[in-house]
Participant: 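Can you keep this structure in mind? I'll have questions shortly.
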Amino acid sequence: MEQVQNIMKKPKSLISLGVNTQDARISLTYFTTSFATLLIGGILGLIQGLERAGLYQLPQGFNYYQVLSAHGLLLLVVFTATFTIGYQLANLSYAFGGLLPGVRKMVWTGIFLKLAGVILTVTMIALNEASVLYTFYPPLAAHPLFYVGLVILVLGIWSVCLAVFINYRHWRKEHPGQTTPILSFFAMGVFILWFFASLGVTIEVFMIIPWVLGITETINVMVTRTLFWWFGHTLVNIWYIVAISAWYIIVPKIIGGRHFNEKLIRLVVILLVILNIPGGFHHQIVDPGISLTIKFLHVFMSLSIAVPSLMTAFAMFYVMEKAGRKKGGQGLFGWFRKLPWGDVRFLAPMIAMIAFIPGGAGGIVNTSNQMNQVIHNTMWVVGHFHLTVGVSVVLTFFGICYWLIPHLSKRQLTQRMNKIGIIQTWIWTAGMAIMAGSMHIAGLIGDPRRTSDTTYGGSDIALSWLSYEYIFAIGAALLFAGVIIQVFAVFHMMFFAPKGHTEYPVALPEEDQPAVPMWTERWGLWSILLIAVVAMAYVIPIVDMIVNAPPGSPPFRTW
Amino acid sequence: MKQAGYGLTLYIILILPPVSELLESMMVFHMHTQMPLFVFSGFLIAPFLQRKFPNFFNKWNRTGIPGLLLVVLIWTYWQLPRAMDDALLLTMVELFKFISLPFLVGVPLHDSWKKVNAKVQYSFLIYIFLSLIITGFLYIWLDEQICNNYLVIEQQTLGWSSLAMGFCLLLYLSMKLFGKENTM
Ligand code: HEM
Ligand SMILES: [Cu+2]
């Protein structure tokens, strides 16, 4: 009896049996949306690859920029966001032993709003009313309903953010003097960033709507671009925090180890949250209207993200070496071979992490003024983000699917499915290596991005890009095969795999770790610091852009 | 004393000519980055000095109030546009800035903060808040150039930045007053 009571007294998170069934339905709804989107996005990607290489022509009535707008928006915003939210909510439910009933309702409202928003925006693109690419930079102007769709989408995200904040606060009240479980701490970081990230783009959209309706005649193009990258860049770091939540907490368990010192993990999250948003300026290095000094200062802002990234790299190697040695790995690199390479739950995020090394190096090139001038708006950039998002983030997400989806659907991850996952991972890796690799090289010799036909009347230089574009197409074909396998795997694990239990692999801390400091929980203070950093970073350029504004631009429709 | 080491490192970085010139080249960074960072460096160094010279602090700043008055006095002085101008033109004034902000603001602030009660702490924060809001509106509304070294637009930028910082401080104050500290 006494023992039972002792167990009951343990913090909920330690006896949690997994994700609550009602919450599982929420996450599975998100994953369904996510992978349906991936399928469509993948088809569009293949079309782009083939069209650029001149191997395929879109039928009458469709144009390249329409396809590219849909590909960018669907994959960059819809696919990643729905996955992120589904996964983080599962983590939250796991960590807190279920979401609150009211919170669940808010989350469902969020899902419906988001779906409505996505359907509206995508319909406008499909009707060829919004071929403005995912950045929708003014003075390109889409149909007003496109922007209305974006607003509804953001409302959906806010609804989920608010739900998460309420649940987090509730847990803290119920557990005075305790720090929250680490997975929920990550979730909090993710949703705080979601909230502040979408603030920028919301202001932008509310500048655009009256302009496309003709209520205001002109728009300040530079301000809108700046607000867009406030969001766009932060989105990148949202993925990054989501990915490292798996790297830090899930991967160690899968390889039979423990997670790294929790205080340092929390510090990484806090730094990413506070310092992140102003990094957006590195997307505007060649924009006029921002003084050189400011651009110079922002190099520090963007490179400051390298600090938590390097901390992560060291922590991961530490954890992996320790786990490998525990399994008997000898010598300098023996531990490396002891890692479970045949387990897709490990292989996929591991390749993701490795890809982050060249990805990060490319990022340093992009953020350096002189080098940026060489690669700006070339295929290099497209290669860069297919490597970072397309591998580091996406493969981590794919790896998560192989345990999370069967866990949620109360099914098993079979040997066969693991095999399929391994094959999928290698096909994806090969496809991205081929496509992103050749995109980098083509970019260096000048091949422009976002261009359907790059022959330029047969000029010699332009023709030198063509062989690389064939290589893009080969990579694209492989990737398309990868998409098909992944989508098959996801829906198979969701609906058809044998019933059973799949473990939710959450690592424990190492023995004898010091208590996690309470000050890490001061999310109110972190948010205020975030606002202060944003204010300092944005005040000079924004005031300058508004006070010394050039004549604004009327809307243009170029397609 | 690791913390004092960080403080000293920060201080040395701040007084390096390329760093100080870069920060002073823009009014906002002069006022809202360089100066607060100087104060912060002194704040970090303070425990070391307190341990080294306990008698000095006990004798001159037993209640914490004298220290806080000194802080208010010096900080208010550096709010004057004229003071910033002088610092840019006269080496002696620049030197005074480098010394006064860490050692006459940062250090006494650290020494006083724990000694005074919550009411005094709040009053101090409200003073900072009001000074930010008042200078903020002043700088935004004034059409005249009040610093020889900075353009009107930089002045306006500083005004907006002051309002933003004031807003942050307001959030912080309300969080402290109305929220339970440990649930935030
Ligand atoms: C089947 C897999 C994929 C293929 C074959 C593919 C291929 C391509 C190609 C050829 C381009 C066009 C480049 C241009 O003309 O500028 C492109 C652009 C893009 N892709 Fe992919 N991609 C794939 C997957 C992804 C994924 C998974 C993501 C993100 C999660 C992604 C995000 C983007 C973005 C944001 C753009 C830029 C759109 C723009 O410039 O407006 N792609 N992709
Ligand atoms: Cu960025």
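Each chain gets a letter, A, B and so on, in the order its sequence line appears, and its residues count up from 1. Being a predicted model, the structure only gives us computed values, none of them experimental. Quick note: numbers below take in every heavy atom, side chains included, and nothing from hydrogens, waters or symmetry partners.
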Participant: Identify which part of Ile542(A) has an atom lying under 4.5 Å from any heavy atom of chain B, answering side chain, backbone, both or neither.
Facilitator: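 Contact with chain B: none, neither part.
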
Participant: Tell me the closest heavy-atom pair linking Met165(B) and Ala532(A), and the distance in Å.
Facilitator: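 Looking at all heavy atoms of both residues, the closest pair is CE-O, 3.6 Å.
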
Participant: So which part of Ile294(A) gets closer than 4.5 Å to some heavy atom of chain B, the side chain, the backbone, both or neither?
Facilitator: side chain

Participant: Against chain B, work out which of Ile540(A), Val534(A), Thr293(A), Val547(A) has the most heavy-atom pairs shorter than 4.5 Å and name it.
Facilitator: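 Maximum pair count with chain B is reached by Ile540(A).
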
Participant: Sort by residue number and list every member of residues 22-41 of chain B having a non-hydrogen atom under 4.5 Å from chain A.
Facilitator: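 Counting heavy atoms that sit under 4.5 Å from chain A, the residues of residues 22-41 of chain B involved are Leu22(B), Ser25(B), Met26(B), Val28(B), Phe29(B), His32(B), Thr33(B).
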
Participant: Flag yes if more than 12 heavy atoms outside Phe165(A) fall under 6.0 Å of its CZ atom; otherwise flag no.
Facilitator: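 Atom CZ in Phe165(A) is packed in, count exceeds 12.
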
Participant: Where does Phe296(A) contact chain B at under 4.5 Å (heavy atoms): side chain, backbone, both or neither?
Facilitator: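 The side chain, not the backbone.
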
Participant: In this structure, are over 12 heavy atoms from other groups packed under 6.0 Å from Tyr122(B) atom OH?
Facilitator: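 Enclosed: over 12 neighbouring heavy atoms sit under 6.0 Å from OH of Tyr122(B).
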
Participant: Should we say atom CZ of Phe98(B) is surrounded by more than 12 heavy atoms from elsewhere, each under 6.0 Å from it?
Facilitator: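 For Phe98(B), atom CZ is crowded (more than 12 foreign heavy atoms under 6.0 Å).
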
Participant: Kindly compute the distance separating CG (Leu171(B)) from CD1 (Ile531(A)), expressed to the nearest 0.5 Å.
Facilitator: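 The CD1 atom of Ile531(A) is 5.5 Å from CG of Leu171(B), to the nearest 0.5 Å.
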
Participant: side-chain contact (heavy atoms from CB on, under 4.5 Å) between Asp544(A) and Thr157(B): does it pass, once the steps are laid out?
Facilitator: CA-CA 8 Å; Asp544(A) 191 27; Thr157(B) 308; over 6 Å; no

Participant: Decide if atom NZ of Lys115(B) counts as having more than 12 heavy atoms of other residues, nucleotides or ligands within a radius under 6.0 Å.
Facilitator: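 Check passes, neighbour count above 12.
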
Participant: Taking everything shown except Asn548(A) itself, do over 12 heavy atoms lie less than 6.0 Å from its CG?
Facilitator: yes

Participant: Within a 6.0 Å radius of atom CH2 on Trp160(B), are there more than 12 heavy atoms belonging to other residues, nucleotides or ligands?
Facilitator: no

